[in-house]
Each structure stands twice: as C-alpha cells, then as structure tokens.
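Because the structure is predicted, anything quoted here is derived from the model rather than measured. So that the names make sense, note that chain A is the first sequence line, chain B the second, and so on, each numbered from 1. Scope of the values below: all heavy atoms of this structure, side chains included, with no hydrogens, waters or symmetry mates.
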Amino acid sequence: MIQMILTGLLCGALLGFVMQRGRFCLTGGFRDMFLTKDNRMFYALLIAIAIQSIGVYTLIHVGVFEFNAGTLPIIAVIIGSFIFGIGIIFAGGCATGTWYRAGEGLIGSWIALAGYMLMAAVMKSGVLLPLDTAVKEVQLENNSIAATLGVNIWILVGIFGLAVGFIVYRTLRKPKVKIPGLKPKRTGLAHILFEKRWHPFVTAILVGLIAILAWPLSVATGRISGLGITTPSANILQYLVTGELSFINWGVFLVLGIFLGSLFAAKMSGEFRFRLPDLRTTIHSFSGGLMMGFGAALAGGCSIGNGLVMTAMMTWQGWISLAFMILGTWTASYFVYVRPRKKAKQTTHAVPA
Amino acid sequence: MKKTLEVMGMVCPFPLVEAKEAIKDIQSGDELEVQFDCTQGTESIPRWAAEAGHEVTAYEQLGEAAWTITIKKK
C-alpha cells in the first residue's frame with residue numbers, strides 16, 4: 001500500500017509538473033489543428049507516443065511484464081471518443097488537462113472534474129452500467145494492429161518511430177519566428193524549472209518518458225497498465241461513497257499526484273490563483289465534464305488512456321479513438337468558436353449604415 | 001493610440017480569440033494591451049503576435065497568475 005501511494009503520487013506529480021510547465025494541452029492542440037491549421041501539439045503527442053511505444057515494448061520484450069491487447073469494442077470506442085472530444089472543448093481541457101488546471105486554481109476545472117468523475121462512475125458502476133455493457137457487446141476479435149496485419153510488433157513500432165522522426169526533422173527545419181518571452185527574473189535551475197518557456201517537443205519527450213515509467217511502477221502494484229485517468233478518477237468517487245477499499249489502486253494516486261505536481265509547479269512559478277469563471281463558462285465546464293466522463297468511460301479511455309497509451313501499444317482502440325476524439329473537438333470547435341463569430345458578423349452587416 | 005483589452009477570468013482560448021478580434025479595430029502602428037490570467041495564454045498570445053508579424057512592445061507578469069502584453073499592430 002505504501003509503495004502504491006508513493007510511486008503513484010511520484011509518477012503523477014512528475015506528469016502534473018511537466019504538463020503545467022510545458023503547457024501540454026491536448027484539447028488546445030486538437031482544436032488548433034482545426035482553427036489555425038497548427039499541428040505542433042499533435043506532433044508533440046506523436047513524439048510522446050513513439051517514445052513510450054519503444055520503451056514499453058522493450059520492457060515487454062525483456063520480460064518485465066506481459067501485455068494483451070484484448071478485443072475491440074468498436075462501436076463504444078467510436079461513439080465514446082467522439083462525445084469525449086466534444087466534452088473536452090466545452091470543459092476547456094481534457095481529463096488530464098482538467099486535473100492539472102485544477103492545480104492552477106481554476107474553479108471551472110474543479111467543476112468540470114466533478115462532472116467528469118460523477119458521469120464516469122455512473123457509467124462504470126451506476127445506473128448507466130447496462131447501457132455501457134450493451135454498447136460494448138459489439139466486439140471485434142483483434143485489437144492488436146500487428147495481429148490483424150500479421151506482422152511483428154517491432155515492424156509497426158519501427159515504421160511509426162521513423163515517420164515521427166521525419167515529421168520532427170521537417171518541423172524543426174522550418175524557419176522560426178522568435179517568440180517574445182517574459183524578462184527572466186531567475187537564473188540557473190530555478191529559471192529552467194519555474195520560468196523558462198519549454199519547447200512542446202521537449203515537453204513531449206518528458207511526457208513519453210513518464211509514460212514508460214508508469215508501466216513498471218503500476219505493474220509492481222498489480223495493475224497491469226500504464227497512465228490512465230478516467231477509471232482512477234471514477235474510483236475516487238466510488239471509494240468515497242462506498243468506503244470499499246477495492247476501488248483504491250495505483251491510478252488513484254497517479255491522478256492525485258497530477259493535481260499536486262501541477263499545484264507545486266504553479267505555486268513556484270507564480271501561476272497559482274483561485275479563479276472564478278463566469279456563469280456561461282461554469283455551465284460549459286460542468287456539461288463538458290459530464291460528456292467527458294460519459295465518453296471516456298464508453299470508449300475505455302480518455303486522451304491519455306486511449307490517445308497516448310493505447311496508441312503506443314499499437315492497438316486499433318487507441319488509434320480509432322484518437323481519430324474520433326479529434327473529430328469531436330473539431331465539431332465542437334465549429335459550434336463554440338467559428339459559428340458564433342460568423343453570426344455576429346452577419347448581424348453587424350445586416351444593420352444599415 | 002493604445003487600446004486596452006481586459007480579459008481577466010476568461011479561459012483559453014478566448015483571450016486569444018478576443019485579442020485577434022480587437023486588433024482588427026485598431027490602426028497600423030497603434031498598440032493593443034491585453035491583460036489576461038489564463039496560463040496557456042502566456043504561450044499562445046505572444047506566439048500569435050510573432051507569427052502574425054506584430055511587434056510585442058511590452059510583456060510582463062503583473063502578479064500571481066496575471067499578465068499584460070502590449071502588441072503594436074504591423
């Protein structure tokens with residue numbers, strides 16, 4: 001138990017710290033692919049996936065643990081991921097993003113988190129469990145992409161790694177504009193840790209390494225999995241209302257660690273303050289949280305569980321989920337950002353001068 | 001001429017969206033000051049200004065999780 005608490009909190013705190021300082025926001029990344037045709041954060045995610053993939057399959061190869069991709073609940077993954085994608089735009093951050101923004105003192109994220117935990121628990125052990133089970137009954141036998149194609153996993157990992165390497169090379173070769181920064185007030189390590197702007201690709205490498213570390217730490221406590229946010233978030237609520245110790249696992253301490261790591265990072269860099277959202281944002285945060293919880297529970301993972309981990313494991317679930325999650329964010333972005341502005345313009349034009 | 005846009009309390013990406021709208025209403029050479037408190041804006045707003053070719057004439061942290069940035073329209 002002590003080991004679970006310590007390693008879970010440590011791994012989570014590292015992730016929370018890195019994500020807060022690196023502004024690692026997948027929701028913003030997916031949104032900007034659509035709004036400003038900016039793929040930088042998406043490429044950063046691919047880097048984190050590639051690093052984790054190589055690391056974790058090396059651990060599996062040398063026999064640290066075994067991994068079974070299982071079956072693919074295709075309909076649940078598609079519908080759940082799409083709804084999750086819509087939800088994270090309304091909530092203003094994905095599941096992990098919401099945990100780390102809660103650590104920055106954003107009350108809107110606390111509200112989103114409440115909706116997210118509630119709905120995930122309702123799906124996993126509550127009144128919507130029959131619906132969750134029914135949709136997941138439609139299953140395809142093979143979840144492993146390598147098994148479907150009949151190739152060695154290392155061929156997939158290798159091709160993917162090379163493709164990501166090529167994308168990184170091409171992106172970094174482009175002429176850069178100098179981005180103005182704040183005047184440094186600190187020096188040395190304090191400057192790097194609590195002040196300096198981190199390149200998204202550097203942050204991505206760190207996220208990938210933490211994602212590798214999560215596997216052996218989690219496996220050592222009997223949880224054969226890597227980073228995961230949704231089930232542990234639901235587990236916290238399930239434990240609190242039932243008192244059943246069986247709901248407590250490594251993942252619970254991981255998500256609590258994300259909160260603490262981000263809180264520490266924000267405090268140390270002068271970026272923590274309780275901030276109250278307006279009414280509209282509050283409603284968006286709560287409804288977004290509910291959609292996130294519903295979608296992630298149905299899809300069997302959020303942007304981390306499916307988008308970062310199951311993709312690295314080269315499963316259909318991971319990549320199909322990532323695609324539909326992104327489509328969900330684009331759909332919601334259109335209704336939240338694009339259409340209101342178009343409408344506003346039309347009304348101004350309609351008024352005679 | 002300097003115009004001030006106060007978007008404290010707005011969550012990302014709205015401060016950036018508002019700044020993009022506000023800069024349309026000012027003349028070339030005029031300045032737009034944006035006061036914001038969403039952490040992600042410390043990355044997205046200067047990045048947008050630099051990529052759009054505007055000049056950042058001032059950029060400071062006002063206090064705990066509060067920033068101001070002044071952008072001169074190109």
Side-chain angles (χ1 to χ4, degrees), chain A residues 20-25 27-28 31-32 35-36 38 40-41 89 91-93 97 100-101 104-109 112 176-183 185 195 197-200 262 265-267 269-278 280-282 284-285 333 336-338 340-341 344-345, chain B residues 2-3 5-26 29-74:
Chain A
Q20 200 280 336
R21 295 312 305 147
R23 306 341 184 189
F24 199 81
C25 178
T27 309
R31 177 193 69 215
D32 291 343
L35 286 186
T36 55
D38 177 359
R40 214 163 22 95
M41 273 310 287
I89 290 295
Y100 90 71
R101 277 191 190 65
E104 288 180 344
L106 290 177
I107 302 298
S109 295
K176 264 179 271 181
V177 273
K178 195 180 169 331
I179 295 158
L182 293 161
K183 222 178 275 149
K185 289 177 186 153
E195 200 171 50
R197 179 188 166 267
W198 292 13
H199 193 286
S262 164
K267 271 276 181 201
S269 2
E271 292 178 351
F272 177 87
R273 187 159 52 86
F274 282 116
R275 280 158 276 181
L276 206 58
D278 58 16
R280 189 171 167 270
T281 312
T282 308
H284 273 187
S285 295
S333 291
V336 174
Y337 307 116
V338 180
R341 309 240 152 234
K345 261 183 208 152
Chain B
K2 185 165 171 178
K3 182 178 165 177
L5 178 69
E6 208 264 338
V7 283
M8 294 277 186
M10 266 192 200
V11 288
C12 284
F14 286 107
L16 177 61
V17 173
E18 294 288 329
K20 281 183 179 173
E21 286 295 313
I23 208 150
K24 285 182 191 161
D25 300 335
I26 65 171
D30 284 354
E31 288 182 318
L32 174 71
E33 181 185 353
V34 188
Q35 293 173 0
F36 63 98
D37 65 1
C38 104
T39 320
Q40 285 68 36
T42 60
E43 163 82 17
S44 62
I45 298 175
R47 169 177 287 277
W48 153 70
E51 283 174 354
H54 307 303
E55 188 193 340
V56 172
T57 51
Y59 183 19
E60 259 180 278
Q61 182 157 8
L62 296 169
E64 296 285 318
W67 296 270
T68 175
I69 186 167
T70 306
I71 299 154
K72 192 173 176 183
K73 189 172 179 177
K74 71 163 179 186

- Message: Tell me which of these, B/Ile69, B/Val17, B/Thr39, has more heavy-atom pairs under 4.5 Å with chain A than the rest.
- Response: B/Thr39
- Message: I need the A/Lys178 NZ to B/Glu51 CD distance, nearest 0.5 Å.
- Response: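 If we round to the nearest 0.5 Å, A/Lys178:NZ and B/Glu51:CD are 13.5 Å apart.
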- Could you state the interatomic distance from CG (A/Asp278) to CE (B/Met10), rounded to the nearest 0.5 Å? 7.5 Å
- Task: Go through A/Gly181, A/Gly92, A/Ser109 and name the one with the most non-hydrogen pairs under 4.5 angstrom from chain B.
- Result: A/Gly181
- Message: Below 4.5 Å, heavy-atom pairs only: which of A/Val336, A/Asp32, A/Ile179 has the largest tally toward chain B?
- Response: A/Ile179
- Query: Less than 4.5 Å apart, any side-chain heavy atom of B/Arg47 and any of A/Arg40?
  - Reply: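 Yes, their side chains come closer than 4.5 Å.
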- Message: If the threshold is 4.0 Å, N to carboxylate O, is there a salt bridge linking B/Glu18 and A/Arg341?
- Response: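 A salt bridge is present here (some side-chain N lies under 4.0 Å from a carboxylate O).
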State, to 0.1 Å, how close [X] and [Y] come at their nearest heavy-atom pair, and which atoms those are.
| X | Y | value |
| --- | --- | --- |
| B/Gln61 | A/Ser269 | NE2-O, 4.1 Å |
| A/Arg280 | B/Phe14 | NH1-CZ, 4.4 Å |
| A/Pro180 | B/Ala50 | CD-CB, 3.9 Å |
| A/Tyr337 | B/Pro13 | OH-CD, 3.1 Å |

Side chain, backbone, both or neither: which part of [X] has a non-hydrogen atom closer than 4.5 Å to chain A?
| X | value |
| --- | --- |
| B/Trp67 | side chain |
| B/Glu60 | backbone |
| B/Glu21 | side chain |

- Query: Does NZ belonging to B/Lys3 count more than 12 external heavy atoms closer than 6.0 Å?
  - Reply: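 Counting neighbours around NZ of B/Lys3, more than 12 heavy atoms of other residues, nucleotides or ligands fall under 6.0 Å, so yes.
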- Task: Could you walk me through whether A/Thr36 and B/Lys20 pass side-chain contact (heavy atoms from CB on, under 4.5 Å), step by step?
- Result: CA-CA 12 Å; A/Thr36 55; B/Lys20 281 183 179 173; 3.4 Å; yes
- Could you point out which residue of A/Glu104, A/Arg273, A/Glu271 forms a side chain to side chain contact (heavy atoms under 4.5 Å, CB included) with B/Asp37?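 Going through A/Glu104, A/Arg273, A/Glu271 one by one, the side chain to side chain contact (heavy atoms under 4.5 Å, CB included) with B/Asp37 is satisfied by A/Arg273 alone.
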- Message: Under 3.5 Å, is there a donor on one side chain and an acceptor on the other for A/Arg23 and B/Thr42?
- Response: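 Short answer, yes.
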